[in-house]
J.: 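A single structure is presented below for examination.
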Amino acid sequence: MTHTSEAVAAKYRLDYQAPHYLIDTIDLDVQLGEEKTRVTAISRVRRNGEHNEPLRLDGDEMELITVAIDGRPFGDYRLLPGGLELANLPAEFVLTIETDIDPAANTALEGLYKSGDAFCTQCEAEGFRRITYYLDRPDILARYSTRITADKGKYPYLLSNGNKVASGDLEGGRHFVQWQDPFPKPSYLFALVAGDFDVLRDHYVTRSGREVALEIFVDKGNLERADFAMESLKKAMKWDEERFGLEYDLDIYMIVAVDFFNMGAMENKGLNIFNSKFVLANPATATDLDYHGIERVIAHEYFHNWTGNRVTCRDWFQLSLKEGLTVFRDQEFSSDVGSRPVNRINNVRTIRGPQFAEDAGPMAHPIRPDVVIEMNNFYTLTVYEKGSEVIRMMHTLLGEEKFQAGMRLYFERHDGTAATCEDFVCAMEEASGVDLGRFRRWYSQSGTPELTVCDEFDAASGEYRLHVSQHTPATLDQAEKLPLHIPLAIELYDQDGNVLPLQRAGQPLHSVLNVLESEQTFVFDGLTQRPVLSLLSDFSAPVRLDYPYTEETLAFLIAHARNEFARWDAAQTLINQAVMTNAASVGRGEGIAFSPTLLSAFVAVLGDETLEPAFKAELLTLPGEGTLLELFDTADIDAIHTVRRALQQSLAVAFGSRLDELHEALKAERYENNHVAAARRALRNVLLGYRVARDGDKADDLVAAQADQSDNMTDLLAALQVANGFLLPCRTRLLAQFEAKWAHDGLVLDNWLRLVGTKPADDVLAEIRGAMAHPTFSIRNPNRVRALIGSFAAGNPVQFHAKDGSGYRFLADQLVVLNEVNPQTASRMITPLIQFKRLDEGRKALVRAELERLAALPNLAADLFEKIDKALKM
Ligand code: B3K
Ligand code: ZN
């Protein structure tokens with residue numbers, strides 16, 4: 001995967017062509033060996049239409065041994081960079097290809113590789129071509145059978161997709177297992193695992209009464225950490241039956257947890273492979289947030305069985321067809337089984353923070369990209385999270401009932417096929433009768449739309465007019481932008497906080513306004529006084545909003561808006577405004593001040609006993625520095641940091657003794673693992689931060705005591721984070737104790753690595769280098785790399801953006817190594833270095849110098865090439 005013209009060739013969505021050949025079945029025989037695995041692939045191939053085109057198979061990083069057609073050796077082939085071309089073929093034939101691969105040398109973690117002592121695979125997007133030469137594209141649907149042979153002692157479990165149809169012992173201590181997957185599938189859903197595991201077994205009876213065996217494979221000794229994942233799986237299976245009417249279709253569902261994995265997890269048919277981070281949990285090792293992540297990711301991969309596997313993507317440009325939709329489904333699941341407002345708040349945080357930053361950076365792309373160099377670079381927040389927002393907008397426009405009718409039509413038409421985003425929109429449109437003509441532009445247009453709203457009230461006529469204009473700023477990939485169909489949900493309140501009905505000339509109006517043009521006016525009447533306006537309820541569209549809210553109006557909405565999301569949103573806007581004003585005055589060398597309106601609004605929140613603790617915790621959580629940075633055209637990172645700290649302190653002072661009382665009152669007698677207890681922990685730990693912000697080192701004992709007495713990872717880590725964030729005297733001891741206790745367990749030690757990476761002090765790079773020498777750290781393990789180096793680059797803005805450029809240089813140095821070891825992880829880690837738009841000129845120059853250094857690497861991977869090349873064009 002070097003920077004040859006072959007590797008960096010761009011592919012365009014509009015160049016899609018149906019395949020010249022189809023493959024109906026593939027029988028794989030995999031003889032596993034660490035350094036040499038022999039793969040024999042026997043495929044039934046047939047020509048698709050009348051033509052004389054050669055068969056061009058994809059292939060990478062393999063040694064070709066033999067090629068045969070219909071059982072006879074075949075010589076009419078050419079090895080090309082990235083593939084194998086066969087000419088003069090009959091209309092139908094059996095193709096046999098033997099290849100050798102070296103799993104132990106595969107540090108890219110794509111294709112077949114070793115994760116610790118086990119073998120596993122990752123084939124999405126284009127990893128199958130590292131296992132055998134094949135038509136490695138998602139519109140080739142074939143039936144797979146897989147025979148795996150390996151040493152029985154080392155690899156007692158041999159797994160693949162579908163049902164186990166045969167197994168037996170062989171000579172030399174080896175054994176084999178044969179699997180057959182009855183569902184035709186694209187190559188990216190192929191999976192193979194071999195290893196020695198502990199297995200958690202359970203079963204699920206589907207709505208129609210079929211029994212499905214459920215098996216979770218974990219490293220030996222981790223069995224008791226798999227229960228929560230199993231419960232989550234069963235919950236997800238039930239929810240999908242109840243809300244979407246979708247049932248599981250095989251007799252067995254397997255999940256394998258591995259330590260070396262580039263992403264969260266992978267939805268391979270019947271055999272999910274997971275990053276162990278999203279499987280393993282017990283109260284001593286996992287935080288409430290970790291538990292939530294497990295529940296979400298287990299559900300997400302399960303939901304893919306219909307949205308992704310039964311209906312797959314025609315080509316990779318359609319990725320959001322399965323990912324946007326499946327994220328929407330997992331968000332709905334989390335909201336139905338947990339707190340809807342809290343889930344919505346956190347999803348919106350992701351959109352407004354990192355997704356908006358992606359839109360504003362060099363990698364801006366529509367949710368259905370038009371041009372791709374390295375497909376792995378497009379598993380993005382835009383395709384996933386904004387893609388989910390686009391599905392959510394359709395849900396808002398159609399309503400649940402019609403949306404579900406659209407889903408049914410989509411499955412009726414496309415089950416068992418490879419479809420496009422357009423197919424999905426057509427199904428929604430036809431099942432509902434709702435015109436989605438202009439709405440389709442969300443699929444083709446990149447960037448974040450900006451809505452500017454102003455209003456006027458005419459007391460004489462009782463008319464209230466809302467003027468809405470929309471504008472999407474140009475992005476690197478697209479200069480011209482068109483108006484979109486934006487569902488704008490609003491509410492009007494009277495001065496007492498009552499919701500006012502929306503009406504005009506005696507007719508009720510819908511609370512979701514259809515913004516379709518660059519400028520539009522909406523008129524309401526029958527009002528006796530100027531109403532208070534709440535805009536974009538529940539974040540009805542992924543846009544930036546500009547409306548001249550006064551502090552008083554925001555305080556009013558925090559107290560009165562009937563939708564919890566709107567209350568949180570008003571609180572965020574109030575904080576954002578204060579941070580912007582104060583950062584500007586810090587820049588001018590002036591002081592920091594927060595208005596009594598702001599302070600009393602938050603004092604009221606703290607004291608409001610009607611608020612759910614989980615929601616109160618969200619209301620009181622200040623936006624992170626990275627999110628605040630996005631508010632500025634040119635951001636002064638140090639000023640933002642100073643203002644944010646000052647705000648936390650001022651709020652804490654304003655909270656007075658109430659803060660301490662509430663913090664003490666939330667202390668639990670003993671740990672319980674449920675939503676109610678987790679909500680109380682969340683609130684208590686937010687309050688701990690405020691106490692320390694107010695009392696400084698005097699709070700050292702408080703924090704140390706929480707750490708020493710905690711009986712769960714959530715409370716322990718919360719104490720450590722505060723000790724780290726405020727550089728309390730107890731920090732050194734607590735971190736050392738944590739390291740000593742968990743040195744053997746990489747997954748738990750990641751928390752320590754994150755604390756080190758986010759240390760807010762000038763010596764952070766020295767500590768990071770120290771941690772890199774820790775025996776549990778390995779540059780080959782993406783979890784370790786993300787925890788230490790990723791947390792520094794993405795979660796420690798003040799130090800990463802150090803004026804002397806040391807942060808940028810450090811990251812670039814690591815990327816030089818990762819470029820060779822694991823290009824996919826390198827490419828994910830480079831994000832903070834390419835999103836430099838809001839930096840001052842001095843820092844921009846330092847960043848560019850590092851990017852140019854990387855661009856000059858002799859073996860620059862296509863993954864990094866694509867991003868750096870664009871960044872240097874910004
Ligand atoms: N579909 C996988 C992601 C694959 C990423 C390949 N680089 C996990 C998921 O979205 O469910
Ligand atoms: Zn997914």
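Each residue takes its place number in the sequence, starting with 1. Ligands are counted one by one from 1 in listed order, and the atoms in each one are counted from 1 as well.
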J.: Any idea which protein heavy atom is nearest atom 6 (C) of ligand 1, and the distance to it?
T.: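 Heavy-atom neighbour on the protein nearest atom 6 (C) of ligand 1: E124 O, 3.2 Å.
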J.: If I consider every N, O or S atom in E323, which one ends up closest to the Zn ion (ligand 2)? I only need its name.
T.: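 The Zn ion (ligand 2) is closest to the E323 atom OE1, counting only N, O or S.
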J.: Polar-atom distance check: Y379 versus ligand 1, any N or O pair below 3.5 Å?
T.: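 In this structure, Y379 places no N or O atom under 3.5 Å from an N or O of ligand 1.
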J.: Any side-chain heavy atom of R392 within less than 4.5 Å of one from P542?
T.: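 They are not in side-chain contact.
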J.: Regarding E231 and K235, does a basic nitrogen lie under 4.0 Å from an acidic carboxylate oxygen?
T.: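 No salt bridge links E231 with K235.
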J.: Would you say the ring centroid of Y16 lies under 6.0 angstrom from that of F317?
T.: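 Distance test on ring centres: not under 6.0 Å, no.
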J.: Do you see an N/O/S atom of E301, backbone or side chain, under 2.8 Å from the Zn ion (ligand 2)?
T.: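 No N, O or S atom of E301 is closer than 2.8 Å to the Zn ion (ligand 2), so no.
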J.: Is the shortest side-chain heavy-atom distance between Y144 and L189 below 4.5 Å?
T.: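 No. Closest side-chain heavy atoms not under 4.5 Å.
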J.: State whether R310 and D415 are salt-bridged, where the test is any N-O pair (Lys NZ or Arg NE/NH1/NH2 against Asp/Glu carboxylate O) under 4.0 Å.
T.: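 Salt bridge between R310 and D415, a charged N being under 4.0 Å from a carboxylate O: yes.
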J.: Please list the nearest protein heavy atom to atom 11 (O) of ligand 1 with its residue and the distance rounded to 0.1 Å.
T.: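 Result for atom 11 (O) of ligand 1: E301 OE1, 2.7 Å.
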J.: Give the ring-plane orientation class for F356 versus F539, where under 30° counts as parallel, over 60° as perpendicular and anything between as tilted.
T.: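 Answer is tilted, since the angle falls between 30° and 60°.
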J.: Report, in ascending order of atom number, the atoms of ligand 1 lying under 4.0 Å from any heavy atom of M263.
T.: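 Under 4.0 Å from M263, ligand 1 has these atoms: 3 (C), 4 (C), 5 (C), 6 (C), 7 (N).
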J.: Would you say that D139 contacts D315 through its side chain, given a criterion of any heavy-atom pair below 4.5 Å between the two side chains?
T.: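 Sidechains of D315 and D139: no contact.
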J.: Ring-plane angle category for H304 and H300, please: parallel below 30°, perpendicular beyond 60°, tilted otherwise.
T.: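 Perpendicular.
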J.: Measure the distance from atom 3 (C) of ligand 1 to every protein heavy atom, then report the residue, atom name and distance (to 0.1 Å) of the closest one.
T.: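 Here the nearest protein heavy atom works out to Y384 OH, 3.5 Å.
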J.: Tell me the contacting part of K322 for ligand 1: side chain, backbone, both, or neither, using a 4.0 Å heavy-atom threshold, strictly below.
T.: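 It is the side chain that gets close, since no backbone atom is under 4.0 Å.
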J.: Check each of F303, F333, F403 against F328 using the ring pair (Phe, Tyr, Trp, His ring centres under 6.0 Å) test, and report the only one that passes.
T.: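 Passing option: F403.
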J.: Given side chains that start at C-beta, do those of L250 and K269 come closer than 4.5 Å, heavy atoms only?
T.: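 Yes - at least one pair of side-chain heavy atoms lies under 4.5 Å apart.
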J.: Can you tell me if M375 has a non-hydrogen atom under 4.0 Å from ligand 1?
T.: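 For ligand 1, residue contact (heavy atoms, under 4.0 Å) with M375 is absent.
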J.: Please list, in number order, the atoms of ligand 1 under 4.0 Å from a heavy atom of H304.
T.: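 Reading through ligand 1 atom by atom, the close ones are 9 (C), 10 (O), 11 (O).
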J.: Tell me which protein heavy atom sits closest to atom 7 (N) of ligand 1, plus the residue, atom name and distance to 0.1 Å.
T.: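 Checking every protein heavy atom, the shortest distance to atom 7 (N) of ligand 1 gives N376 OD1, 2.9 Å.
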J.: Which residue owns the protein heavy atom closest to atom 8 (C) of ligand 1, what's the atom, and how far is it?
T.: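 Here the nearest protein heavy atom works out to A265 O, 2.9 Å.
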J.: Using a 4.0 Å cut-off to any heavy atom of E267, which atoms of ligand 1 qualify?
T.: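 So the answer, numbered in order with elements, is 1 (N), 2 (C), 8 (C), 9 (C), 11 (O).
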J.: Yes or no: does Q824 have any heavy atom under 4.0 Å from an atom of ligand 1?
T.: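 The answer is yes: ligand 1 sits under 4.0 Å from a heavy atom of Q824.
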J.: Give the atoms of ligand 1, by number and element, whose distance to some non-hydrogen atom of M266 is under 4.0 Å.
T.: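 Those qualifying, in numeric order: 1 (N), 2 (C).
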J.: Below 4.0 angstrom from a heavy atom of E323, which ligand 1 atoms are there? Numbered from 1 as shown, please.
T.: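 Contacts of ligand 1 toward E323, numbered from 1: 1 (N), 9 (C), 10 (O).
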